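Worksheet: the structure to be examined is printed underneath.
Chain A is the first sequence line, chain B the second, and so forth, proteins listed ahead of strands; every chain is numbered from 1. The model shown is predicted, which means the values in this text are computed figures rather than measured ones.
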Amino acid sequence: MPNGSPRMRQPARSAQGNRLAGFAANVLRPATMWRLARILILAAMLPCLRAQTIEDGIMLHKNEICSGTLYTHDAWDHYWEGTTNRTNGNLGTVTTQTMDFTANYGVFSRLDVIGTVPYVWTQASQGVLHGQEGFQDLTLAVKYEMIRWRFKEFGTVRFFPVVSGSIPMGNYDPDFQPMSIGLHSKTIAPRATLNFQGLGGVYVNGSAAYVFRGNVTLDRNYYYTDGQIYLSNQVAMPNQFEYVVSAGYRAHGVMVVGNYEEQQTRGGGDIRPQDQPFVSNRMNFSKAGASAVVPVPLPWVHGLQYWFTYSNTFDGRNVGQSTTFTSGLMYQFLFHRRSAQ
Amino acid sequence: MTSLAEILQRSVRLAPMFAIAGIALMIPGCTKSIPSSEQLSPLTPASTDANAGTWKMIVLSGPTQIAVAAPAPATDPGYQTELTSIVNEQAHLNDSERSAITYWSASGVLRWNELLREMVAANDLPPEPLPNGTYPSPDPNNPFDMPTYPFSNPPYAVRAYSYVSVAQYEALKAAWYYKFLYNRQQPYENNSKIQLLMPATGLPSYPSEDAVEAGVNSTLLAKLFPTGIDQITNEANQQQEALLLSGKASASDWTAGFALGQAVANVFLARANSDGMKAAGGNAAEWAQLAQNAIAQGQIPWISQETPLRPPMLPLFGQVETWILPQADVAVVRPGPPPSTTSTQMQQELATVKSAVENITRDQLATVYKWNDGANSVTPPGHWNAIAVPYISQAQFSEVRAARTLALLNMALHDSGVTCWDTKYAYFNPRPSQLDPSIKVLIPLPNFPSYISGHSDFSAAASDVLDYIFPTGASYFDAQAKEAAMSRLYGGIHYPSDIKYGLIQGKQVGDFTVTFAESDGAN
């Protein structure tokens, strides 16, 4: 059987729409406490209200805050058992739905912190396995705009060192793959992002990270994986390398980009024939997709945007062959033009 | 454009952030060494168990069924050459030899049990369906072909644990008989230049008990788990090298012990060849008959919940030969029928199962996964072996007494497996999720009938035997058995009746082994 979500709910990042979220660089003017409270309430009520992401090159101003929610639907009926692509009549289609709650805050004009809380549901369309749901892993990131080169005739290039980490929020059990909602590993990931915003709207973003993953604790004191037995409840999690590249058009609040993403796990065993997936499996994938952001013109709300992203996992190992979409409305207070220059 | 100086300046300001991140990065990296072998202290036997050669045999007619020739006297030049070679080898030990000596000083019996559990887990995967919706059978004649042989499911595994444990116990009793018959001293006692690099056992060295273990285990494991042949051979070679360096055994001690172990193993392989296991899978006509039997009794018959439908797991395992329980008593310990599939009581039990799953607590969920022991596992019998190991090690049992403990445990486990399978297929009772498709389960559903619970049966039998051998651990073993049994209700795969009668039968079957143990001469 396959692993949890297509990408095992890779914890260091929220759902697939992340890289899109900040394209409009939502900005709020320094808010009073009352305003802040109102924003948070709105954030809880509106389906989508997001700012920039961990992976892109877009920043908030100092003391600006932005938050929102995001829905992701991920499904697969084929998966890679090791490197063998197959279906499984005892699973049918495995669907993972995620609601992300996100908040971004500009600590300084060049230093942002980002936090995401995902709530995850899993279910299988066939067989007898019980779906799972719950809060998954809290992700926190610090993003620093270290370098900004302005080229008058072309646009702006920025470089960002980023550190993100994730920690399981609850005591969910990771030993029921593929139904478990996550891997229950603490992670910390240094990341580097290079971003180009052209004057004519050309947009290119590349981001790469190395994810260090802490041991996972199981409720059993032995397990067999990668060709040997381990007599412990501790599972060593192989680290991961990942990168994502986006390119397209971004100007005047409209954005259309193509995305390509890869994850390589630096070790771990394969799912053996007819075996259940295991937390430390070598989970690799290649995904391609596209994203679009368009303004929603409403007379009584300024700065509302609809956005949609789609991705397809076209190659993988020990992961589901997922089709994923993320959809929502993005709400921006007081559009700030700086990052769209 | 930003100047280089500015970039550097900013980098310096950010240094604390990266320093903190760097420290945090090291935290997961430090914790990645996970033990793959048991942390056992070196064995200094509490007793030599000098009379073990007289302990009751189970399969062998007596300790002399396999003849072991008298060793050469200590003055023999050939033996002296063996001792000189130990002196020479000990003069330049390397680190890997030293760690092998430490590893094997813990207890060969427990080390081989560790490997046995690993072999079970490695082979515990059901065949994948073919594109035409059928399931191929593992083929013992082509064990490396897919699906690899064997599928080490709980019945296969419990039989394997018992064969290896009982054969080893019988062979060690025979070894003890010859040890005290011939009374050859250990190499370090015969040559003062030889150091003893393992704890002293006070035992005569011929034939070597470690060699007996290597002979029995490597012979049986190679047959039971043929794809593990490299690891099995390597394990036997390692034990031999460690022992010949340790000052405990010479080459002729080893050779005689290994041959004895092999010979006893062959006696058991002959038994295994005709114990009923080959027919345990049944055939399509027999599977259909099982369903007809249930229908004739007015019951809804069990049907596989897998897609495509998978044939039931080893439906005739209930006819496989037992160890201690008389074969005729298999039917005697079979409980009465489960609640009728259409009864009010069954509706109530279904409601109990559904409520258990939907209202599960985190602690209950932990027991579900602790006791899952499904595919890719050591199986429940292996889990009980793992529970016994630290008790055996802590008691510092001699090797023959350690082997006795594992033999008693695994005979009870095997016999309870046979009676459990007999009951399961006598009634062919559906799983909860078959009668109520709204019941979803928290562990993969075992592909055989529900009544009675195998976990409950195995665990009650195992805790019964361990209670007898380690009375101070009794409350722990009993609690573990109860937890194992209840975990199946929490997981949604068993009714309360399955658990109740599984525990009762396991205790009944275990009692036969305890009664045997009370008068086997080892007390």
Side-chain angles (χ1 to χ4, degrees), chain A residues 1 81 86 88-90 92 110-111 124 126-132 142 144 146-151 161 163 165 171-173 175-176 179 185-190 210 212-215 218-225 227-232 234-237 239 272-276 278, chain B residues 1-2 7 10-11 14 17-18 20-21 24-25 27-29 31-39 114 117-118 121-122 124-129 146-147 305-308 357 362 365-378 383 386 431 433 437 439-445 492:
Chain A
M1 293 187 298
E81 183 180 77
R86 64 166 290 184
N88 191 323
N90 303 316
R110 288 193 164 198
L111 186 77
Q126 286 172 224
V128 294
L129 297 184
H130 201 293
Q132 302 287 295
V142 179
Y144 176 58
M146 192 160 103
I147 301 170
R148 184 190 303 162
W149 287 295
R150 287 216 171 95
F151 301 94
V163 174
N171 206 2
Y172 68 84
D173 202 305
D175 206 9
F176 187 37
M179 306 315 293
S185 173
K186 292 175 192 157
T187 73
I188 186 149
Y210 193 83
F212 294 86
R213 303 194 295 172
N215 286 0
L218 301 181
D219 287 316
R220 52 181 165 144
N221 54 14
Y222 80 91
Y223 56 91
Y224 184 93
T225 191
Q228 74 171 103
I229 201 164
Y230 292 86
L231 302 174
S232 171
Q234 296 292 302
V235 183
M237 297 291 282
N239 296 328
R272 298 194 295 157
Q274 206 63 17
D275 198 2
Q276 266 190 285
F278 187 65
Chain B
M1 258 183 81
T2 312
I7 292 167
R10 284 198 197 109
S11 305
L14 263 283
M17 175 178 131
F18 289 104
I20 290 164
L25 292 182
I27 296 165
T31 55
K32 290 208 169 178
S33 175
I34 310 293
S36 55
S37 67
E38 257 141 6
Q39 311 300 304
E114 226 175 273
R117 276 178 274 142
E118 180 162 10
D124 183 18
L125 287 178
E128 262 186 349
M146 291 303 293
Q305 298 295 288
E306 293 196 34
T307 306
V357 173
R362 185 62 184 80
L365 194 62
T367 70
V368 170
Y369 294 111
K370 173 182 170 185
W371 286 101
N372 179 7
D373 296 324
N376 199 19
S377 81
V378 302
H383 197 149
R431 292 277 175 178
S433 47
I439 293 176
K440 298 290 180 184
V441 300
L442 295 166
I443 39 176
L445 185 66

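Closest approach of Leu442(B) and His130(A) over heavy atoms only: CD2-CB, 3.8 Å. Taking all atoms of both residues into account, the shortest heavy-atom contact from Pro129(B) to Arg86(A) is CD-NH2, 4.4 Å.
Inter-residue side-chain proximity for Val128(A) and Glu306(B) is flagged as unmet; no heavy-atom pair is nearer than 4.5 Å. Between Ile34(B) and Asn215(A), the closest side-chain pair of non-hydrogen atoms falls below 4.5 Å. At least one side-chain heavy atom of Val378(B) sits less than 4.5 Å from a side-chain heavy atom of Ile229(A). For the pair Pro273(A)/Met146(B), a side-chain contact is recorded, criterion being any heavy-atom separation below 4.5 Å from C-beta on.
Among the candidates Phe176(A), Tyr223(A), Tyr230(A), the residue making the largest number of heavy-atom pairs closer than 4.5 Å to chain B is Phe176(A). In terms of heavy-atom pairs under 4.5 angstrom with chain A, the leader among Ala375(B), Gly374(B), Pro308(B), Pro35(B) is Pro35(B).
The OH atom of Tyr222(A) sits 9.5 Å away from atom CZ of Arg117(B), with the distance rounded to the nearest 0.5 Å. Atom-to-atom distance recorded for Glu114(B):CD and Leu231(A):CG is 5.5 Å, nearest 0.5 angstrom. In this structure, Tyr369(B) OH and Leu218(A) CG are separated by 11.5 Å, a value rounded to the nearest 0.5 Å. Rounding to the nearest 0.5 Å places NZ of Lys370(B) at 10.0 Å from CG of Asp219(A). Here CD of Glu38(B) is found 12.0 Å from OG of Ser232(A). Values are rounded to the nearest 0.5 Å.
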Step-by-step salt bridge (Lys or Arg N to Asp or Glu O under 4.0 Å) determination, Arg272(A) to Asp124(B): CA-CA 11 Å; Arg272(A) 298 194 295 157; Asp124(B) 183 18; over 6 Å; no
Derivation of the side chain to side chain contact (heavy atoms under 4.5 Å, CB included) call for Gln305(B) and Asn90(A): CA-CA 8 Å; Gln305(B) 298 295 288; Asn90(A) 303 316; over 6 Å; no
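Proximity to chain A (any heavy atom under 4.5 Å) is restricted, for Ser433(B), to the side chain, taken from C-beta onward.
Residues Asn372(B) and Arg220(A) have side chains that never bring a donor and an acceptor to within less than 3.5 angstrom of each other.
Of the possible polar contacts, one joining the Lys440(B) side chain to the Gly127(A) backbone as a donor-acceptor pair under 3.5 Å is found. Listed for the Asp275(A) side chain is no donor-acceptor partner under 3.5 Å among the backbone atoms of Leu125(B).
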